[in-house]
Amino acid sequence: MKKLSSISAFFPAYNDGGTIPSMVLTALIALRQVTDDFEIIVVNDGSRDDTGDVVRSLLGQVPHLRLVEHYPNRGYGGALKAGFAAAEGNLIVFVPADNQFDFAE
């Protein structure tokens with residue numbers, strides 16, 4: 001399979017501390033299959049759970065992972081705007097951080 005150019009994948013997250021680790025790892029595996037030039041961005045939109053702490057614990061372990069945080073919550077639209085603004089890749093993909101979609105697909 002031909003490798004694509006740079007990809008930014010972002011996940012708008014609100015109280016997704018329980019699902020964000022698997023989303024990040026699934027994205028890491030999937031993105032490595034299509035390009036060497038990628039980034040993974042989690043937009044923590046004012047979560048009241050441990051979403052931010054969970055992502056911070058992954059920062060040193062997952063290459064190309066970045067965290068954008070909002071306080072207070074700006075809503076889904078605000079999280080999308082922040083994700084698109086933070087993205088540096090030629091291609092941008094996003095899915096919610098609650099695992100309702102299989103990122104690998």
Side-chain angles (χ1 to χ4, degrees):
M1 174 185 276
K2 182 181 176 185
K3 299 255 182 179
L4 298 172
S5 58
S6 62
I7 300 175
S8 294
F10 76 88
F11 303 107
Y14 181 72
N15 295 339
D16 292 312
T19 56
I20 199 66
S22 62
M23 289 299 299
V24 167
L25 294 177
T26 299
L28 178 64
I29 292 166
L31 290 167
R32 281 183 169 164
Q33 292 176 5
V34 295
T35 187
D36 297 324
D37 187 5
F38 65 88
E39 63 181 349
I40 301 168
I41 303 166
V42 176
V43 180
N44 179 22
D45 189 27
S47 295
R48 296 179 182 191
D49 71 352
D50 63 347
T51 299
D53 292 334
V54 169
V55 176
R56 278 187 286 282
S57 74
L58 296 172
L59 287 173
Q61 302 171 41
V62 178
H64 315 287
L65 177 61
R66 294 174 38 212
L67 174 62
V68 174
E69 294 193 275
H70 294 163
Y71 291 102
N73 175 283
R74 296 183 189 170
Y76 193 61
L80 291 179
K81 286 180 185 178
F84 282 112
E88 297 176 356
N90 295 331
L91 301 171
I92 301 171
V93 60
F94 71 92
V95 295
D98 62 2
N99 257 343
Q100 61 179 301
F101 301 104
D102 181 358
F103 188 84
E105 290 181 359

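Every heavy atom of this structure was used, including side-chain atoms; hydrogens, water molecules and symmetry mates were not. Just so we're clear, the structure is a prediction, and the values are computed from it rather than from any experiment.
- Rounding to the nearest 0.5 Å places CG of L59 at 13.0 Å from NE2 of H64.
- Note on V68 and V24: separate hydrophobic clusters, where clusters join Ile, Leu, Val, Met, Phe, Trp and Tyr whose side-chain heavy atoms are under 4.5 Å apart, directly or indirectly.
- Counting only N and O atoms by type, the side chains of E88 and S8 include no donor and acceptor under 3.5 Å apart.
- The two residues A82 and H70 have their closest heavy-atom pair at CB-NE2, 3.2 Å.
- By the 4.5 Å heavy-atom criterion applied to side chains, P63 and I40 are not counted as neighbours.
- Residues R66 and V42 have side chains not in contact (no heavy-atom distance under 4.5 Å, counting atoms from C-beta outward).
- When F11, F94, F10 are each tested for a ring-ring contact (aromatic ring centres under 6.0 Å, His included) with F103, only one passes: F11.
- Clustering ILVMFWY residues whenever any of their side-chain heavy atoms sit less than 4.5 angstrom apart, transitively, puts L91 in the very cluster that holds V34.
- Between G17 and P21, the shortest heavy-atom distance links the atoms O-CD, 3.4 Å.
- Judged by distance alone, with hydrogens and angles left aside, the side-chain atoms of S47 form no donor-acceptor pair with the main-chain N or O of N44 at under 3.5 Å.
- Judged by distance alone, the side chain of S6 and the main-chain N or O of N90 form a donor-acceptor pair under 3.5 Å.
- Considering only heavy atoms from C-beta on, D102 comes within 4.5 Å of E105 through its side chain.
- Residue L67 comes nearest to G52 through the heavy atom pair CD2-O, 4.1 Å, listed as atom of the first residue, atom of the second, then distance.
- In the hydrophobic clustering of ILVMFWY residues, with side-chain heavy atoms under 4.5 Å counting as a link, I41 and I7 come out apart.
- Hydrophobic clustering keeps V93 apart from F84 (ILVMFWY residues linked when any side-chain heavy atoms are closer than 4.5 Å, directly or through intermediates).
- Applying the salt bridge (charged side-chain N to carboxylate O under 4.0 Å, His left out) test to pairs two or more places apart or on separate chains, those with a residue in residues 40-55 are D53-R56.
- Connection of I92 to Y76 is established within a shared hydrophobic cluster, with ILVMFWY side chains joined at heavy-atom distances below 4.5 Å, either directly or through further cluster members.
- The CG atom of L28 lies 4.0 Å from the CZ atom of R32; values are rounded to the nearest 0.5 Å.
- Counting only residues at least two apart or in different chains, side chain to side chain donor-acceptor pair (under 3.5 Å) contacts with residues 9-20 are absent.
- Of the N and O atoms on the side chains of D37 and S5, not one donor lies less than 3.5 Å from an acceptor on the other residue.
- When all heavy atoms of N99 and M23 are compared, the pair lying nearest together is OD1-SD, 2.5 Å.
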